[in-house]
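Working notes, beginning with the structure itself.
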Amino acid sequence: MSNNAATDDNAAPTPDPGAAEPAAITEPPQFERAMEELEALVDRLEGEDLTLEESLLVFERGIGLTRACQQALDAAEQRVRILTEQSETAAPEPFGDKPSE
């Protein structure tokens with residue numbers, strides 16, 4: 001029997017000590033998988049007749065995924081800021097080939 005609550009409709013979710021706080025999402029495919037799992041969890045909460053305990057476990061997993069995704073988005077936003085920030089000491093450089101004189 002699977003412990004994956006998002007894909008096994010007949011199995012009750014079992015507590016997973018690390019489920020509420022997933023590992024940091026560092027790669028785009030991990031972020032996409034986390035978002036897909038979040039969508040599946042929302043569908044499960046809205047569509048299935050879960051017990052209170054099952055609902056709480058699914059909700060707890062969703063909160064953990066949401067936090068991990070938010071951290072990944074914050075890190076990506078910071079990277080964009082660093083890449084686009086204009087340095088006061090940097091001189092502008094032409095892009096591409098130099099024009100011929």
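The model shown is predicted, which means the values in this text are computed figures rather than measured ones.
Using a 3.5 Å distance cut-off with no hydrogens or angles, the side chains of Asp74 and Gln70 do pair a donor with an acceptor.
Crowding of Phe59 atom CZ: a count of heavy atoms from other residues, nucleotides or ligands under 6.0 Å not exceeding 12.
In this structure, CD on Gln78 lies 4.5 Å from CD1 on Ile82, to the nearest 0.5 angstrom. Here the straight-line distance linking atom OG1 of Thr66 with atom CE of Met35 works out to 8.0 Å at 0.5 Å rounding. From Cys69, atom SG reaches atom CD of Glu37 across 9.5 Å, with rounding to the nearest 0.5 Å. Between the CD atom in Gln71 and the CZ atom in Phe31 there is a gap of 12.0 Å [rounded to 0.5 Å].
Closest approach of Leu38 to Gly62, counting heavy atoms only: CD2-O, 3.4 Å. Closest of all the heavy-atom pairs between Leu50 and Ser55 is CB-OG, 3.4 Å. Smallest separation of non-hydrogen atoms from Leu65 and Ala34: CD2-CB, 4.0 Å.
Scanning for salt bridge (Lys or Arg N to Asp or Glu O under 4.0 Å) contacts around Arg81 gives Glu77, with sequence neighbours left out.
Under a 4.0 Å N-O distance rule, the pair Glu54/Arg44 does not qualify as a salt bridge.
No side-chain heavy atom of Glu60 sits less than 4.5 Å from a side-chain heavy atom of Leu56.
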